[in-house]
Enquirer: 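This structure is in structure tokens; I'll ask about it shortly.
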Amino acid sequence: MINFHYSRASDVADAVQQIRADPAAKFIAGGTNLLDLMKEDVERPSLLIDITRLPLKTVGETAGGGVRIGALVPNSDFSYHPLIEQRYPVVSSAIRAGASQQLRNMASTGGNLLQRTRCAYFYDTVTPCNKRTPGSGCSAINGINRGHAILGTSEACIATHPSDMCVALLALEATVHVAGPKGERAIAIADFHRLPGDTPQRDTNLDRDEIIIAIELPAQGFAKNYTYLKIRDRLSYAFALVSVAVGLEMDGGTIRQARLALGGVAHKPWRDFAAEAALNGQVASPETFRRAADVLLRDAKGFAHNTFKIELARQAAMRALTQAANGTPQSQSNKKIA
Amino acid sequence: MAQFTAPCPPREGDISRRSVLQGAVALGALGPVRAADVVPHAAIAVDHKSQVSKPMTSYIGTATSRIDGHAKVTGGAKYAAEFNVPGLVHAFVVASTIAKGRILRIDASEALRVEGVIDVLTHEKRPRMADTDQAYKDDVAPEGTPFRPLYDGRILFNGQPVALVLAERWEIARLAASLVHVEYEQEAHVTDPYRQREAAFVLPEPAKSRGNAAEAFAAADVRHQGEYHVPIEHHNPMEPFASTVTWDGGGKLTVYDKTQGVQNVQRYVCSIFDMNPDDVRVVSPFVGGAFGSGLRPQYQVVLAVLAARALERSVRLVLTRQQMYSLGYRPAMIQRIELGATTGGTLNAITHDAITVTSQYEDFYRNETTWSGLLYKSANAQYTHKLTRLDLPTSCDMRGPSATTGVYALESAMDELAVALSLDPLELRLRCYSDRDQNNGDVPFSSKNLRECYRQGAEMFGWEKRNREPRSMRDGSELVGWGMATGVWEALQVPITVRIKLTANGHAEVACATSDIGTGTYTIMAQVAADALGLPLDNISIKLGDSTLPQSPVEGGSWIAASVSNGIVTTSNAIREELLRLAKRVPDSPFANATSDEVALADGRLVSRLDASRAISIADVMRVGAVDRIEQEKSTSFANDGKHAHNAHSALFAEVKVDEQLSVIRVTRIVSAVAAGRILNPKTAHSQVMGGVVWGIGMALHEETLIDHKFGRIMNANIAEYHVPVNADVHDIKVIFVEEQDHIVNPLGIKGLGEIGLVGVAAAIANAIYHATGKRVRDLPITLDKLQR
């Protein structure tokens, strides 16, 4: 860990101004990922701008019938907020599927979006990594890649995005509100994270002098028929091999509108309109679910150790759709698969 | 066997020539035994001859909370990295980034420019260290050329320390370490056991083969053969390896170290730095888990002492979690087992072959294969053990070394044989039950209540309700599987010395240089002393983990409970005899003609066993004797029995539930029934076995050190990615201690519990997974992808 300076941002404008002034500065909120990366010398900020005192800690309803969550709301508060539990239970559930209670208490909502990949080569500064050192090569492609991506990979990077929360946000079509030198703008969650392409060093489309100020959830929360199903190598406290967020709007036995997103399979939370189209208007049945899952995984490509994820993702998607359609969402405390 | 043991100084009292744990048995009687008289056997605390007023045994066998528990939960218990002295220098290791080669040059100039950096030590810039292999051989070193930290420019494994940064603050040392630039000349390395499989060389026969296993196998009615794989695993104790070395002036050092053997470290440090034994004191009052990783002194203690001598200041070195993966590990193991049986389900052929891995410079191995022919009756048995070399640190002992892995393979194979025989797997074990150790002279066991483990374990588990067919039991979307396995370990004992000071006010201090690695040694020592001296538990204080205390070998192999307990009784008997000698001086002494056997210590008094009304208080005896304390120090060794095998056993029953669609595995129930002689403290014993079961869940489902063979580097060197069970993975665990009286193994009938809790657990779970799914995975850990159809 290198020596760094520390400052405190007085308001959002000040935060933006401070980060513009120092190209090697970083914001710090909960620090649950950033500090780890600093200890590993992966992140080497010259300055940490503490944003934890900014007034971005409220959860409130919007005029449009949605809910806006401040960027500094701790993950645990986000998950357990009555509005979220009642109207967006898939988000509550997804957050609880990740990390531990202690980490969720520290981690901020905005920070969750900005988590970096858990690829072991990214973390180990001794090995080449295009995300850490552009142009140095990808060690994972021919290395240990059991946890790596099967969708949207490039020759430069096969890392996955580790967040559970973001998978649910993607399924719900959340909006990310950010502030920058030119004022505020809104980014659809689907456009927030990037695929690696030949610039894997860029995880998101957030400009480096911008700050996340809030997440907004639209009115439709799929509170009746939803699930978040996370499959991992132990029953808690592990990153997803595959996770699935589902929201269904049902009309009797027919799916009126479906949302389906995958985690643990790509450089960003993965959503495929064609797979949802295969569900919309269809009778909820194993055949329907299989068809949608096949569409969802049609372009999946495995590497030496992670080919199993393709079938696992297919089965997990089918199971999650069944859970959602039946109104029997996955519990995050009882680890039996519902 | 001598060739497997470390060429240590002459030792006495080899524990048991029949030990399956080759090498480990040599740990006994290291260095001089100071007390003049070595008592061959302690007299038993409870004398069956006594007619009246049996001495209390109110503490032994009674569930007792840890006497150090309060200190541990309140932070009062200090660990190696927590001893503070003014002016402490903080050290940080710079580790090699290649697996093999040599250092061309080290540029520390940038690091040295950091304010607060005192110095950077390297192989080119350090105080003198010994230059012979012999000097680096600790008490438990295997054959070979021990690793010498910062000795020369050769790189033997990735993560090897190549420089040591010394700074006024830890954060500064860490920063400066990242600024030390090392240039290497790299050589081709190999870290993949499977690539080196053909290069494995045959070790001396682990045990004498009997009969002709190959012929018997060929002729067998029913045969099973299988190959089983266990990956490299790391210990991951909660407490990191750390040493705080205080510069006490005049070249004297106090070394606070994380270790399972303070005197081993003390001799090792003296040897490497040519120091006077009186100038090095090694202290380790508490150890936050070690599991075998602390048996050998680790490189951080060498580096911390080196730095203290270089600077003539006190130094602390704490390894990071990542750096702890550059220490020893459980060797990866490739095992091949052949079992031949009659249609009636009796074994006639056992072949157990193993390949394990070690470094390029030392030959660490244990005796994985012979557990098979020990555990089951078979006229024909054959063992082969091969070792292969990798560019990694030397492998080492890890909880239940050899048995944990060897019995996993055997018990998986037995399950497969039961399937081939269409026989209940428990019934197969009973038909193959062995009442004798056929490996070593066909002798009986000192005690073996494994049958009762099977019976009680099966009953508590409800085994009789099992449907033998795989995939036949289900709970909703989950397939239910029930599996079982057997566990076995040796009841080892080591020579040990105990000193007891009894003061006139009825308080006793019990001292021995052994360790409490978290298992509860402090508490059982106090329990045994309280009973043996007839004092309340609160009146006993325990001193351990200090090299200046009476001698003890390293704490490992499950041997300390038996050894130190019998040592305490031996020394207590000497105290009693001294009290009797003084009591005879009392005017009209009721003990005028009493022999030592006729008196006991109870309730703070010397009491006649023949007539409880004849008693004198300890205070009165000492007053008459004009002493304020009685001090005795006795060494206890354990004669080589030779006529019996000494083993602990267990029966494991496991229930798993496996999601049929997604293969998610849950271990919902485990029953562990253990026969391990006398249980000193049911409370800590229960915790110890339960901990073993949890570890077994990890071994079965989670644990695996992942090495990128291109870089020769461990890629999951942290406890986020190196998985061990979390609470969600642990459900209902029941532990049964089966009554097992053993008057042969040692006077108190103790066998030890450190290892037995883990042995067999992974096999029981693997067998349950087969029963649930019909899919046999012979490759640990059993992750869900291996179950995909």
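Chain letters run A, B, ... following the sequence lines, proteins first and then strands; every chain starts at 1.
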Enquirer: Need one label for Ile697(B): side chain, backbone, both or neither, based on atoms under 4.5 Å from any heavy atom in chain A.
Expert: neither

Enquirer: Counting only non-hydrogen atoms closer than 4.5 Å, does Lys336(A) touch chain B with its backbone (N, CA, C, O), its side chain (CB onward), both, or neither?
Expert: both

Enquirer: For Asn145(A), is it the side chain, the backbone, both or neither that has a heavy atom under 4.5 Å from a heavy atom of chain B?
Expert: neither

Enquirer: State, without any angle test, whether Thr227(A) and Gln323(A) hold a side-chain donor-acceptor pair at a distance under 3.5 Å.
Expert: yes

Enquirer: Under a 4.5 Å cutoff for heavy-atom pairs, which residue among Arg713(B), Glu721(B), Arg174(B), Glu478(B) has the most contacts with chain A?
Expert: Arg713(B)

Enquirer: Which bit of Asp124(A) is near chain B, if near means a heavy-atom gap under 4.5 Å: side chain, backbone, both or neither?
Expert: side chain

Enquirer: Please list every donor-acceptor pair under 3.5 Å in which a side-chain atom of residues 317-325 of chain B meets a protein atom from a residue at least two apart or in another chain.
Expert:
| from | atom 1 | to | atom 2 | distance (Å) |
| --- | --- | --- | --- | --- |
| Thr320(B) | OG1 | Gln323(B) | N | 3.0 |
| Arg321(B) | NH1 | Pro237(B) | O | 2.8 |
| Arg321(B) | NH2 | Pro237(B) | O | 3.0 |
| Arg321(B) | NH2 | Met238(B) | O | 2.9 |
| Gln322(B) | NE2 | Glu40(A) | OE2 | 2.4 |
| Gln323(B) | OE1 | Thr320(B) | N | 3.0 |
| Gln323(B) | NE2 | Val93(B) | O | 3.2 |
| Tyr325(B) | OH | Asn236(B) | OD1 | 2.8 |
| Tyr325(B) | OH | Asn236(B) | ND2 | 3.3 |

Enquirer: Does Asn727(B), at its CG atom, have more than 12 non-hydrogen atoms belonging to other residues, nucleotides or ligands within less than 6.0 Å?
Expert: no

Enquirer: Determine the sole option in Leu279(A), Thr322(A), Asn225(A), Leu260(A) for which the side-chain contact (heavy atoms from CB on, under 4.5 Å) test with Val246(A) is passed.
Expert: Leu260(A)

Enquirer: Using heavy-atom distances under 4.5 Å, tell me whether Asn718(B) contacts chain A through its side chain, its backbone, both, or neither.
Expert: neither

Enquirer: Looking at Lys39(A), Arg118(A), Arg319(A), Gln315(A), which has the largest count of heavy-atom pairs under 4.5 Å with chain B?
Expert: Arg319(A)

Enquirer: Using non-hydrogen atoms and a 4.5 Å limit, figure out which bit of Tyr123(A) sits close to chain B: side chain, backbone, both or neither.
Expert: neither

Enquirer: Identify which part of Asn142(A) has an atom lying under 4.5 Å from any heavy atom of chain B, answering side chain, backbone, both or neither.
Expert: neither

Enquirer: Measure from the side-chain N and O atoms of Asn716(B) to the backbone N and O of Glu704(B), and report whether any donor-acceptor pair falls under 3.5 Å.
Expert: yes

Enquirer: With a 4.5 angstrom heavy-atom cut-off, which part of Ile665(B) approaches chain A: side chain, backbone, both or neither?
Expert: backbone

Enquirer: Please classify the contact between Ala176(B) and chain A as side chain, backbone, both or neither, with a heavy-atom cut-off of under 4.5 Å.
Expert: neither

Enquirer: Answer whether the closest heavy-atom distance between the side chains of Val117(B) and Leu166(B) falls below 4.5 Å.
Expert: no

Enquirer: Which region of Ile231(A), side chain (C-beta onward) or backbone (N, CA, C, O), has a non-hydrogen atom less than 4.5 Å from a non-hydrogen atom of chain B, or is it both or neither?
Expert: side chain

Enquirer: Could you go through Arg102(B) and Glu187(B), starting from their C-alpha distance and side-chain angles, then the distance that decides it, and tell me whether this counts as salt bridge (charged side-chain N to carboxylate O under 4.0 Å, His left out)?
Expert: CA-CA 8 Å; Arg102(B) 66 191 184 94; Glu187(B) 293 169 36; 5.9 Å; no

Enquirer: In terms of heavy-atom pairs under 4.5 Å with chain A, which of His702(B), His709(B), Lys710(B) leads?
Expert: His702(B)

Enquirer: Name the region of Arg146(A), side chain, backbone, both or neither, that has any atom closer than 4.5 Å to a heavy atom of chain B.
Expert: side chain

Enquirer: On a heavy-atom basis, which atom in Ser93(A) and which in Tyr228(A) lie closest, and how many Å separate them?
Expert: OG-CB, 3.8 Å

Enquirer: Answer yes or no: is there a donor N or O on one side and an acceptor on the other, between the side chain of Arg474(B) and the main chain of Val480(B), under 3.5 Å?
Expert: no

Enquirer: So which part of Leu179(B) gets closer than 4.5 Å to some heavy atom of chain A, the side chain, the backbone, both or neither?
Expert: neither

Enquirer: Between Ile172(B), Ile98(B), Val114(B), Val724(B), which residue shows the highest count of heavy-atom pairs closer than 4.5 Å to chain A?
Expert: Val724(B)

Enquirer: For Asp659(B), which atoms come within 4.5 Å of any heavy atom of chain A: side chain, backbone, both, or neither?
Expert: side chain

Enquirer: Arg314(A) vs Glu311(A), test: salt bridge (charged side-chain N to carboxylate O under 4.0 Å, His left out). Steps then yes/no.
Expert: CA-CA 5 Å; Arg314(A) 197 188 325 270; Glu311(A) 184 58 23; 2.9 Å; yes

Enquirer: Taking the six-membered ring for Trp, are Tyr194(B) and His229(B) ring centroids under 6.0 Å apart?
Expert: yes

Enquirer: Between Thr97(B), Ile707(B), Leu701(B), Leu662(B), which residue shows the highest count of heavy-atom pairs closer than 4.5 Å to chain A?
Expert: Leu662(B)

